[in-house]
Amino acid sequence: LETLTADNPVQAARVAPLRAATERLRDELATVMAHRRQGTIDDALAQARAVALRELRREILDLTTAMDVEESRQLDSRRARAEAAYAAAV
C-alpha cells in the first residue's frame with residue numbers, strides 16, 4: 001500500500017492509521033475467537049459487543065473511503081491534463 005500511495009502524500013498519510021486500525025480489528029477479532037473456543041457463543045458475543053468492533057470497522061471504512069475519493073480526484077485531474085494536452089496537440 002505504501003508503494004501504491006507513494007505518489008500522493010494525502011493518501012500516503014492515511015496508510016499508517018489504516019494499518020493500525022486493521023491490526024487493532026484483527027487483534028480484537030482474535031480475542032473474540034479465543035472467547036468462543038474457550039467458552040460459549042454467548043461469551044464470544046458478549047466479548048464482541050464489549051469491544052469497539054463497530055467503531056474499528058467504521059474507522060477502516062472511513063479511511064478507505066477517503067482514500068478512494070482522493071484516488072478518484074487524482075485520476076480526474078490526470079485525465080483532465082491528458083485531455084488538455086491532447087487538445088493542444090491536435
Side-chain angles (χ1 to χ4, degrees):
L1 198 51
E2 288 89 356
T3 302
L4 294 173
T5 61
D7 66 335
N8 187 326
V10 174
Q11 284 184 326
R14 292 186 176 109
V15 172
L18 178 59
R19 176 165 283 120
T22 55
E23 288 173 359
R24 286 192 318 271
L25 180 61
R26 184 192 63 220
D27 293 345
E28 293 294 349
L29 290 172
T31 301
V32 170
M33 290 186 290
H35 273 79
R36 175 60 185 110
R37 283 191 296 274
Q38 297 167 357
T40 65
I41 189 73
D42 292 331
D43 294 336
L45 288 172
Q47 178 63 26
R49 289 182 185 113
V51 297
L53 294 179
R54 182 169 291 153
E55 290 82 7
L56 284 170
R57 287 193 310 261
R58 172 52 58 191
E59 181 180 349
I60 291 167
L61 180 61
D62 289 348
L63 285 164
T64 55
T65 299
M67 291 176 86
D68 185 50
V69 167
E70 175 61 20
E71 183 65 19
S72 293
R73 185 205 62 75
Q74 188 176 32
L75 181 59
D76 290 344
S77 175
R78 288 176 177 165
R79 186 175 292 129
R81 284 194 315 268
E83 289 172 359
Y86 176 79
V90 175

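Note that these values count all heavy atoms, side chains included, but never hydrogens, waters or copies made by symmetry.
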Straight-line distance of Gln11 CD to Leu4 CG, nearest 0.5 Å: 9.0 Å
Going by salt bridge (charged side-chain N to carboxylate O under 4.0 Å, His left out), name the pairs with one or both residues in residues 11-21, residues two or more places apart or in two chains. Glu2-Arg19
Holding to salt bridge (charged side-chain N to carboxylate O under 4.0 Å, His left out), I want the full list of residues that pass it with Asp68, two or more places apart in sequence or in another chain. none
Only counting residues at least two apart or in another chain, list the ones meeting salt bridge (charged side-chain N to carboxylate O under 4.0 Å, His left out) with Arg79. Asp76
Please collect all side chain to side chain donor-acceptor pair (under 3.5 Å) contacts where either partner lies in residues 23-39, sequence neighbours excluded, each pair once. Arg24-Glu59
Contact summary for Ala21 and Ile60, nearest pair of heavy atoms: CB-CG1, 3.7 Å
Distance-only donor-acceptor hits, side chain of residues 49-57, under 3.5 Å, sequence neighbours excluded:
none

Show me, pair by pair, the donor-acceptor contacts under 3.5 angstrom made by side chains of residues 81-90, not counting sequence neighbours?
from	atom 1	to	atom 2	distance (Å)
Arg81	NH1	Ser77	OG	2.9

Going only through I, L, V, M, F, W and Y residues with side-chain contacts under 4.5 Å, is there a path from Met67 to Leu61? no
Side chain to side chain contact (heavy atoms under 4.5 Å, CB included) evaluation trace for Arg73 with Val10: CA-CA 11 Å; Arg73 185 205 62 75; Val10 174; 5.9 Å; no
Is a donor on one side and an acceptor on the other found under 3.5 Å between the side chain of Thr40 and the backbone of Asp43? yes
